[in-house]
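Heads up: the structure comes next, in structure tokens.
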Amino acid sequence: MSEAEKDRSMLLQKEMLAAHYERLEAAPETREPVVYTFVPGNLTELIRAFGALPVLPEINALQSAMRGKSQAYIAAAEKAGHSEDVCSYVKCDIGMSTAGNVGPTGTRLPKPDLLLLSYTGCYTFMKWFELLREQYGCPTVFLQVPYQADGSQTPVQRSYVARQIRETLIPTLEKATGRRYDEERLRENLARSAAAEEDLVAVLQSAKKMPSPIDAYFGAVYYVGPIFSAFRGTAEGVAYYRALREEVEERVARGEGPATPAGRLDRQKWRLVVEGPPNWTHFRDFWRMFAEEEAVVVASTYSKVGGTYDFGFRHDPSDPLGTLADYCSGCYTNRNLPSRVEMLERYVEEYRADGFLIHSVKSCNSFSAGQLTILREVERRTGVPGAFIESDLVDARYFSAANLKNRLESYFQMLEARRAGSGT
Amino acid sequence: MTRREIIDWAAEVADDLDFTEARRFLEKAPGRKAAGYLPVYAPREILRASGMLPIGIHGGGDRLEIIRGDAFYQSYICHLPRSVVELAESRRLDFLSAMLFPATCDVIRNLSGVWQLLYPQTYVRYLDLPQVPDRDLAAGFWREELEALARDLGEISGRPATEASLREAVDAGNQARALVRELYRVRRETPWNVPTEELYLLLRAGELTPLEEFVERMRDYLTACQAETGRMRDRARVLVVGAFCEQPPLGLIQTIERAGCFIVDDDFLLGNRMIGAEVELEGDPLGNLARAFVRHAVKTSTLYEGDPAGKRRAIRERVAAARADGVIFASASFCDPALLDRPMLRAGAEEAGVPCIAFQFAENTGQFQQFREQAGTFADSIKLWGGAL
Ligand code: SF4
Ligand code: SF4
């Protein structure tokens, strides 16, 4: 997309990110502490309550891929003995840090004062920080977030997480940052999170309209960027989501669709629900394949990996540690498969989708293992036909444009035939 | 039973994809129930104390043709879940009233959800093993999980665990673990006397039969080993690391040993040795079991290592304890825990001058030529030059 085609919110986000990376680069001089942590289960409000800056390695990896840098990083990591068959985010990150830790915007990333291993919804996280700490030699603190294996968080699980935060995390953060825990500050951050979450949900749910003013997969990647990363609980985050909501509401008033790499998508032939993360190495080409078919994504599960807000959860300042436990537990990949199926089923129905698509990535067992069962189950329950396509996150070797295009074309032809057959 | 008879029995039980031995046991008395568990570690004591026969589900190996399982898993996911689903889809697991899925990796975690969706009549439980370094917190959480598991299983079996039945099960578990440790010791001391294929078959059969039977066969086997000590031979002593979940085909284990190596320690069927010490018998059995796991779980890829130097040190300690000459990293293809751990472990071994090689397998690998060559060259280089390849 050219600058002219970009939404105001996108430009605003770009500025926020650039300022954040600059602040990170200056951290060794300004002595702002730096905490690396993962997107699912990130405790940004808590980290910020200690005046520390968060770094999210997945964001660095995906941004590196969008800027065409991931392949070299992955090659370096594989050369150093990492297997071809493990998550490409990890290799991209390790490759980046050994190559001087220059972040995606071209600024140098500071070393962490602490690795906060929030073990939420992904086994690989554990290994990722075990590997990374070899490189940085800084302290690591581990937070185990139990899996919602029976579809909800049990009281035992909730108190286990809250106790870990109180008894282990907070003292470790105090030590690493040299600052005392300030619960009032945490509450203020949590209140700001809730405000931003309210606006984000309004934005995501705007896709129930026809035409949809947003693309809830490719476009939502931008929309969730600030709240999934460094800006939850901040004033900039609140301002961003207010501006985004206004922008989307204006589009609704004008009956417009979202900006896409193929131009504005006002004519929307297909409404899709998508499961699985996107590919980042060919993000725009991939998006274009949908936009050119006049397909808009109206709901996605990927936009819930860093927090699920559309079923009512908001951070609650009156119960600061309990609410952090609830937040972590509810992240998408921490939910069991039946819950994931139910969520998709709801999306297909509530967002009146014509189709349902799974993009399965080689890297990620957390997402991918079991997706074929999810596909059959959602099809069975909704009667909406599904499709299954495969590539990877940041490893371009597994992105075959021709293959994907073929699969998508046949899928849309099938939808077309069905529509013609049913006379709708 | 003679040694040969014991191994024939073990091979027959381990090879039997219809679980005949277990089914026969269930049929012998009305109301008997069985529960399956996936790798790596499940607290079998809770199953026994709740009146259920624990059955280790380790996939179908190289004997099971995958007809339906491939429709459930993409090509870039390890082989284990597809063969486990194949077993279920072909109704071979329909004698199990419950299935336990330990927190081994995201594949097994998600398989618990696949089970919930496909087989709603079976009780499914995901076992969220405690991972935090704070031992009291971890043990407290795990005890609560064990208690919930015991409660649920009691409802299914109709024979809820009591303090006495739990203590009995812990005691029986201790005895079995002690025998397994002894078998590993004997192999370490006299590897020519305990071929790993025999050790493996015994352990595998042990996960498919009542504990009493396993204990009896193990005792007989160990006695037989003492009686016939075999001819001492000189081969490269190797530690085989990484096959803690999806199991290598027996042919691969045989290939390594026939290529000039003695396997003197390994990760095969690791759940049998997951708790590396006796579980206390006095006091609260659930608390004891929980504490034993937290304090004495062996260091393995599926558990968080709190000590930054711990990974590298652990492999050196294992090498030293086994007096191994080298390490073979044998991981299942696409196995995240094994493959992500490998660079750290390998670095730890190589820093200490321990030679290493690595390969990947699948449980249904049928061609061993490449492994034979690799292991053979490795063994030769260890014998000739102390391992410098
Ligand atoms: S395995 Fe999946 S969830 Fe885990 S780090 Fe990789 S992409 Fe993220
Ligand atoms: S073989 Fe590895 S990846 Fe596969 S289920 Fe077992 S631990 Fe998980």
Side-chain angles (χ1 to χ4, degrees), chain A residues 80-87 90 117 119 121-124 126-128 130-131 133-134 137 139-140 142-144 146-147 149-151 154 156-157 159-160 163-164 167-168 333 335-341 360 362-374 376-377 388 390 392 398, chain B residues 71-78 81 85 101 103-114 116-118 124-128 130-134 137-138 140-141 144-145 148 301-306 308 310-312 331 333-344 346-347 358 360:
Chain A
H82 294 270
S83 165
E84 191 181 320
D85 290 329
V86 298
C87 174
V90 180
L117 201 178
Y119 189 53
C122 165
Y123 165 83
T124 298
M126 188 205 294
K127 297 291 129 186
W128 193 338
E130 281 179 355
L131 285 159
R133 92 187 151 189
E134 295 214 325
T140 309
F142 187 90
L143 174 73
Q144 180 180 5
Y147 185 55
D150 292 323
T154 66
V156 170
Q157 293 176 336
S159 87
Y160 182 50
R163 272 191 68 188
Q164 290 176 65
E167 293 170 21
T168 312
T333 49
R335 291 168 180 259
N336 72 351
L337 260 59
S339 308
R340 285 170 61 181
V341 167
S360 185
K362 175 180 183 285
S363 275
C364 183
N365 279 341
S366 178
F367 255 107
S368 305
Q371 274 176 330
L372 286 160
T373 303
I374 292 181
R376 277 192 290 273
E377 199 58 26
F388 201 85
E390 299 169 297
D392 191 46
Y398 301 100
Chain B
F72 291 83
Y73 285 94
Q74 302 91 310
S75 56
Y76 40 80
I77 290 174
C78 62
V85 167
F101 297 83
T104 297
C105 70
D106 292 336
V107 174
I108 290 187
R109 185 197 70 178
N110 288 6
L111 185 58
S112 71
V114 169
Q116 287 166 324
L117 289 166
L118 295 181
V124 170
R125 188 160 184 98
Y126 175 69
L127 301 169
D128 225 331
Q131 296 272 8
V132 292
D134 178 333
L137 202 55
F141 170 72
E144 302 241 29
E145 291 290 297
S301 309
T302 62
L303 297 176
Y304 176 61
E305 171 57 67
K311 289 259 164 226
R312 293 178 183 225
S331 326
S333 295
F334 305 106
C335 177
D336 279 347
L339 294 171
L340 284 160
D341 242 10
R342 200 176 64 192
M344 292 180 276
R346 187 163 187 163
Q360 282 169 233

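Protein chains get the first letters and strands the later ones, always in sequence-line order, with residue 1 at the start of each. Please read these numbers as outputs of a predicted model, since none were measured by experiment.
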Looking at [options], which has the largest count of heavy-atom pairs under 4.5 Å with chain B?
options	value
A/Asp85, A/Thr168, A/Asp150	A/Asp85
A/Cys364, A/Pro338, A/Ser363	A/Pro338
A/His82, A/Glu84, A/Met126	A/Met126
A/Leu131, A/Thr140, A/Leu143	A/Leu131
A/Asn365, A/Val156, A/Asn336	A/Asn365
A/Ser339, A/Ser159, A/Gly121	A/Gly121

Let me know if [X] has heavy atoms under 4.5 Å from chain B in its side chain, its backbone, both or neither.
X	result
A/Phe388	side chain
A/Glu130	both
A/Glu167	side chain
A/Ile374	neither

Judged by modelled atom types alone, do A/Ser360 and B/Tyr76 share a side-chain donor-acceptor pair under 3.5 Å?
yes
Atom [atom1] of [X] and atom [atom2] of [Y]: how far apart are they, to the nearest 0.5 Å?
X	Y	atom1	atom2	value
B/Glu145	A/Gln157	CD	CD	6.0 Å
A/Arg133	B/Met344	CZ	CE	7.5 Å
A/Tyr123	B/Thr104	OH	OG1	9.0 Å
A/Lys362	B/Ser75	NZ	OG	9.0 Å
A/Tyr119	B/Tyr304	OH	OH	11.5 Å
B/Leu339	A/Cys87	CG	SG	12.5 Å

Under 4.5 Å from a heavy atom of chain A, the part of [X] involved:
X	value
B/Ser333	neither
B/Glu144	side chain
B/Arg312	side chain
B/Leu118	side chain
B/Pro81	neither

Out of [options], which one racks up the most heavy-atom pairs below 4.5 Å with chain A?
options	answer
B/Tyr126, B/Tyr73, B/Phe141	B/Phe141
B/Val114, B/Val107, B/Val132	B/Val132
B/Pro133, B/Pro337, B/Pro343	B/Pro337
B/Gln131, B/Gln74, B/Arg109	B/Arg109

Check: [Y] and [X] side chains under 4.5 Å, non-hydrogen atoms:
X	Y	result
B/Asp106	A/Cys122	yes
A/Gln144	B/Asp128	yes
B/Glu305	A/Lys127	no
A/Ser83	B/Arg342	yes
B/Gln116	A/Leu337	no

Could you tell me whether the side chain of B/Asn110 and the main chain of A/Ser366 form a donor-acceptor pair under 3.5 Å?
yes
Check step by step if side-chain contact (heavy atoms from CB on, under 4.5 Å) holds for B/Phe72 and A/Arg376.
CA-CA 10 Å; B/Phe72 291 83; A/Arg376 277 192 290 273; 3.1 Å; yes
